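None of these values were measured; they are calculated from a predicted model. Counting starts at 1 for both ligands and their atoms, in listed order.
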Amino acid sequence: MNERRIDPADGVVLRATQVAKTYAEGGLRTEVLTDATFSLQRRQSLAIVGASGSGKSTLLHILGGLDTLSAGKVEVDGRELSSLSDAERGRVRNRSLGFIYQFHHLLPEFTALENVCMPLLIRGTRIGAAREQATALLERVGLGARLGHKPSELSGGERQRCAVARALVTRPACVLGDEPTGNLDEANSAQVYALMLELQQEIGTSFVIVTHDKHLAARMDRTLVLHNGVLREVPAAT
Ligand SMILES: Nc1ncnc2c1ncn2[C@@H]1O[C@H](COP(=O)(O)OP(=O)(O)OP(=O)(O)O)[C@@H](O)[C@H]1O
Ligand SMILES: [Mg+2]
């Protein structure tokens with residue numbers, strides 16, 4: 001039941017083709033994206049940078065099937081999101097994607113262990129196996145002694161590490177992160193990133209990370225800049 005639909009020809013896990021997005025509200029049209037085109041290979045990490053308001057979060061929401069596009073297409077693990085029913089899109093999200101947000105988005109009423117178990121339970125993993133896998137990953141991110149703590153009983157860095165564990169526990173093809181360390185200090189931020197990159201290697205996940213942090217962007221395999229609605233690749237430094 002853990003099959004992936006990776007395109008065997010090129011190992012592409014995520015592909016955006018001429019994605020455009022215009023918000024039209026109350027007679028006001030805001031053209032945010034005009035041409036976002038890229039493809040991401042398995043295990044590759046990608047930084048998306050750009051000025052505030054350039055449309056980075058909008059693009060990430062579209063890539064994750066959380067928002068609709070006005071034109072173009074997005075394929076996740078070989079499935080075009082807009083061709084799927086809501087239920088199928090939900091399944092692709094659960095099976096192929098992980099999400100990390102700037103503010104952890106952990107469920108406040110649940111413990112760290114329960115939060116990390118959640119994506120596994122949603123996909124039908126039995127509770128015993130879910131607890132085992134979630135515990136192993138929480139230990140891996142240094143939270144083995146915090147399993148029973150609720151988010152309000154964790155530090156900021158611990159919450160983000162818990163969110164990293166939650167995003168990766170399903171071993172997704174791709175993790176989408178919107179400023180995943182944006183509210184952490186430098187030391188905590190470096191620790192969370194180091195951890196994400198280690199797990200990326202171990203699990204073979206691809207990463208798309210929106211960040212303002214130049215040091216972090218430099219550690220990704222590729223960087224794309226969003227400007228005036230168009231996404232362009234920054235040539236790798238030689
Ligand atoms: N629901 C909406 N309706 C209308 N306009 C919107 C909506 N959501 C976002 N926008 C506009 O789209 C543009 C891009 O917003 P977005 O949040 O994607 O930017 P961003 O690059 O993530 O910025 P930041 O770096 O500040 O997070 C902004 O000008 C914003 O005002
Ligand atoms: Mg944003």
Side-chain angles (χ1 to χ4, degrees), residues 14-40 44-76 81-82 86 89-90 93 97-106 151 156-157 159-164 166-168 172 174-186 188-190 192-193 196-197 200 205-234:
L14 183 63
R15 177 179 280 134
T17 310
Q18 295 187 314
V19 169
K21 175 72 177 177
T22 302
Y23 288 109
E25 271 158 34
L28 201 68
R29 285 171 60 83
T30 315
E31 204 173 50
V32 181
L33 301 173
T34 51
D35 179 7
T37 298
F38 72 93
S39 56
L40 184 70
Q44 248 186 2
S45 58
L46 180 76
I48 295 180
V49 301
S52 178
S54 59
K56 304 179 300 295
S57 296
T58 301
L59 175 60
L60 214 61
H61 287 152
I62 291 172
L63 297 176
L66 295 165
D67 200 351
T68 55
L69 37 63
S70 313
K73 63 178 181 179
V74 170
E75 292 153 274
V76 175
L81 292 183
S82 57
D86 287 352
R89 195 160 41 243
R93 285 166 43 78
L97 297 175
F99 297 86
I100 308 174
Y101 303 92
Q102 178 171 0
F103 300 100
H104 59 86
H105 284 228
L106 296 169
R159 279 178 215 145
Q160 280 311 88
R161 280 185 273 144
C162 184
V164 168
R166 182 185 53 179
L168 286 160
C174 184
V175 167
L176 304 174
D178 197 348
E179 295 279 354
T181 61
N183 65 339
L184 299 181
D185 62 31
E186 212 172 309
N188 263 305
S189 165
V192 168
Y193 272 123
M196 281 168 52
L197 293 175
Q200 178 202 3
T205 294
S206 303
F207 271 95
V208 178
I209 303 291
V210 166
T211 181
H212 284 109
D213 183 338
K214 288 198 171 59
H215 299 294
L216 169 67
R219 293 180 65 182
M220 303 282 132
D221 298 323
R222 297 161 59 194
T223 299
L224 303 182
V225 183
L226 189 55
H227 181 64
N228 286 342
V230 179
L231 198 58
R232 283 187 212 289
E233 183 119 21
V234 179

Look at the side chain of R15 and the backbone N and O of S39, then say whether any donor-acceptor pair between them is shorter than 3.5 Å.
no

Do side-chain atoms of T223 reach the backbone of A47 as a donor and acceptor pair under 3.5 angstrom?
no

Is a donor on one side and an acceptor on the other found under 3.5 Å between the side chain of T30 and the backbone of V32?
no

Hits for side-chain contact (heavy atoms from CB on, under 4.5 Å) against T34, two or more places apart or cross-chain, chain-then-number order -> E31, V230

Does ligand 1 have any N/O atom under 3.5 Å from a protein N/O, and what are those pairs and their distances?
from: ligand 1; atom 1: 3 (N); to: E25; atom 2: OE1; distance (Å): 3.3
from: ligand 1; atom 1: 3 (N); to: E25; atom 2: OE2; distance (Å): 3.3
from: ligand 1; atom 1: 18 (O); to: S57; atom 2: N; distance (Å): 3.4
from: ligand 1; atom 1: 18 (O); to: T58; atom 2: N; distance (Å): 2.9
from: ligand 1; atom 1: 18 (O); to: T58; atom 2: OG1; distance (Å): 2.6
from: ligand 1; atom 1: 19 (O); to: G55; atom 2: N; distance (Å): 3.4
from: ligand 1; atom 1: 21 (O); to: S54; atom 2: N; distance (Å): 3.3
from: ligand 1; atom 1: 21 (O); to: G55; atom 2: N; distance (Å): 2.9
from: ligand 1; atom 1: 21 (O); to: K56; atom 2: N; distance (Å): 2.9
from: ligand 1; atom 1: 21 (O); to: K56; atom 2: NZ; distance (Å): 2.9
from: ligand 1; atom 1: 22 (O); to: S57; atom 2: N; distance (Å): 2.9
from: ligand 1; atom 1: 22 (O); to: S57; atom 2: OG; distance (Å): 2.8
from: ligand 1; atom 1: 23 (O); to: G53; atom 2: N; distance (Å): 2.8
from: ligand 1; atom 1: 25 (O); to: K56; atom 2: NZ; distance (Å): 2.7
from: ligand 1; atom 1: 26 (O); to: S52; atom 2: OG; distance (Å): 2.5

Counting only N and O atoms by type, is there a donor-acceptor contact under 3.5 Å from the side chain of R166 to the main-chain atoms of H105?
yes

By residue and atom, what protein N/O/S atoms are less than 2.8 Å from the Mg ion (ligand 2)?
S57 OG

Anything under 3.5 Å between a donor and an acceptor, one on a side chain of residues 50-57, the other on a protein residue two or more places apart or in another chain? List them.
from: S54; atom 1: OG; to: A51; atom 2: O; distance (Å): 2.6
from: K56; atom 1: NZ; to: G50; atom 2: O; distance (Å): 3.1
from: K56; atom 1: NZ; to: A51; atom 2: O; distance (Å): 3.0
from: S57; atom 1: OG; to: D178; atom 2: OD2; distance (Å): 2.6

Closest approach of S45 and M220, non-hydrogen atoms and distance?
OG-CA, 3.4 Å

For side-chain hydrogen bond (donor to acceptor under 3.5 Å, both in side chains), just list the numbers for T211 and D213, CA-CA rounded to whole Å, side-chain angles, deciding distance to a tenth of an Å, and then say yes or no.
CA-CA 5 Å; T211 181; D213 183 338; 5.1 Å; no

Looking only at non-hydrogen atoms, find the nearest pair between I62 and L81 and report the distance.
O-CD1, 3.8 Å

